[in-house]
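A short worksheet on the structure shown next.
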Amino acid sequence: MKNIMFIAPPAAGKGTQAELVCSKYNIPHISTGDILREISKEDSEIGNYVYETLSSGQLVKDEITYQLIEDRLKKEDCRNGFIIDGFPRNLDQAYEYDKILDKLGYEVGNVILINIDKKTLEKRITGRRLCENCKTIYNINDENNSPKVESVCDNCGGKLYQRSDDNLEAFQTRYAMYQEKTEPIIDHYRKQNVLKEIDGEDSVENIFKKIDEIINK
Ligand code: AMP
């Protein structure tokens, strides 16, 4: 199957959709945010730098992400397709990604842009909770997406936590970063004729249906 890239502002639901696609099609979900959150737990210079940067809502230095992505894409499980989420985040990263894909003999595949209003995102951001074990995403501000038992994962019984950057202050920075740095990459993919746009205000199920249609076209 074709590779998939998600472009969307923070809390638009790309992580949730990526998980649904992965479980249906059994392909890996490569999220630079997830990889960086793991690194941020390390008690080292790089761990501390990544923790501080993530908490502030700024982007980490490009060079850190390049090696992460290339190493991950070289792994065997990417041969039959993969989802990339959170990368590229600016034009320089998009140019570098073109080179990495070329080097590894991969195509960019379908680039899915999730359009959504900032007001909706502000409502969602403070309610997001993640399972520290299986990474399932919930939203306690949305009754269709809340865990059955408070702070406990429905899937695995793991403990739910809130990301250090899921607060309104860091959100404003993350959203500004998205507009300033990430939105310019949309045109880069539009010109390559690989961009597909989706309305992110719809339900999780309906958005997934549309993504599934794109995959099967
Ligand atoms: P996400 O989980 O995609 O919302 O990413 C969380 C945070 O990780 C972002 O706010 C950035 O600080 C950092 N991050 C994730 N991906 C990248 C990237 N491609 N380049 C730079 N920073 C990134």
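Just so you know, ligand 1 is whichever comes first in the structure, and atom 1 is the first atom listed for that ligand. Given the structure is predicted, the values throughout are model-derived calculations rather than measurements.
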Distance in Å, Asp85 CG paired with Thr16 OG1, rounded so as to fall on 0.5 Å steps = 10.0 Å
First locate atom CD1 of Ile215, then atom CD1 of Ile4, and finally report the distance between them rounded to the nearest 0.5 Å.
-> 3.5 Å
Test of proximity, [X] against ligand 1: N or O pairs below 3.5 Å:
X	result
Thr53	no
Asp34	no
Pro88	no

Number the atoms of ligand 1 from 1 as they appear, then name those within less than 4.0 Å of a heavy atom of [X], with their elements.
X	value
Gln93	18 (C), 19 (N), 20 (N), 21 (C)
Val60	21 (C), 22 (N)
Thr32	15 (C), 16 (N), 17 (C), 19 (N)
Arg37	2 (O), 6 (C)

Quick one: do Asn144 and Val204 satisfy side chain to side chain contact (heavy atoms under 4.5 Å, CB included)? Show the steps, please.
-> CA-CA 9 Å; Asn144 296 318; Val204 171; over 6 Å; no
Taking non-hydrogen atoms only, is [X] closer than 4.0 angstrom to ligand 1 via side chain, backbone, both or neither?
X	result
Lys14	side chain
Lys61	neither
Thr65	side chain

Residues Glu150, Arg129: salt bridge by 4.0 Å N-O rule = no
Does a donor on one side chain and an acceptor on the other come within less than 3.5 Å for Asp34 and His29?
-> no
Could you check which of Arg163, Met177, Arg89 puts a non-hydrogen atom nearest to atom 9 (C) of ligand 1?
-> Arg89
Given Leu54, Leu68, Leu59, Thr173, which has its nearest heavy atom closest to atom 8 (O) of ligand 1?
->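 When every heavy atom of Leu54, Leu68, Leu59, Thr173 is considered, Leu54 comes closest to atom 8 (O) of ligand 1.
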With the side chain counted from C-beta on, respond yes when Asp165 and Ser55 share a heavy-atom pair under 4.5 Å apart, and no when they do not.
->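 Answer no - side chains too far apart.
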Could you tell me whether the side chain of Tyr25 reaches within less than 4.5 Å of the side chain of Asp212, counting heavy atoms only?
-> yes
Atom 12 (O) of ligand 1 has as its nearest protein heavy atom Gln58 O, 2.5 Å
Give the residue and atom name of whichever protein heavy atom lies nearest to atom 14 (N) of ligand 1, and the separation in Å to one decimal.
->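 Of the protein heavy atoms, Leu36 CD1, 3.4 Å lies nearest.
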Please name the pair of heavy atoms, one in Tyr49 and one in Leu59, separated by the smallest distance, quoted to 0.1 Å.
->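 Heavy-atom minimum between the residues: OH-O, 4.4 Å.
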List the atom of His188, the atom of Ala94, and the distance in Å for their closest heavy-atom pair.
->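 Residues His188 and Ala94, closest heavy atoms: CD2-CB, 3.9 Å.
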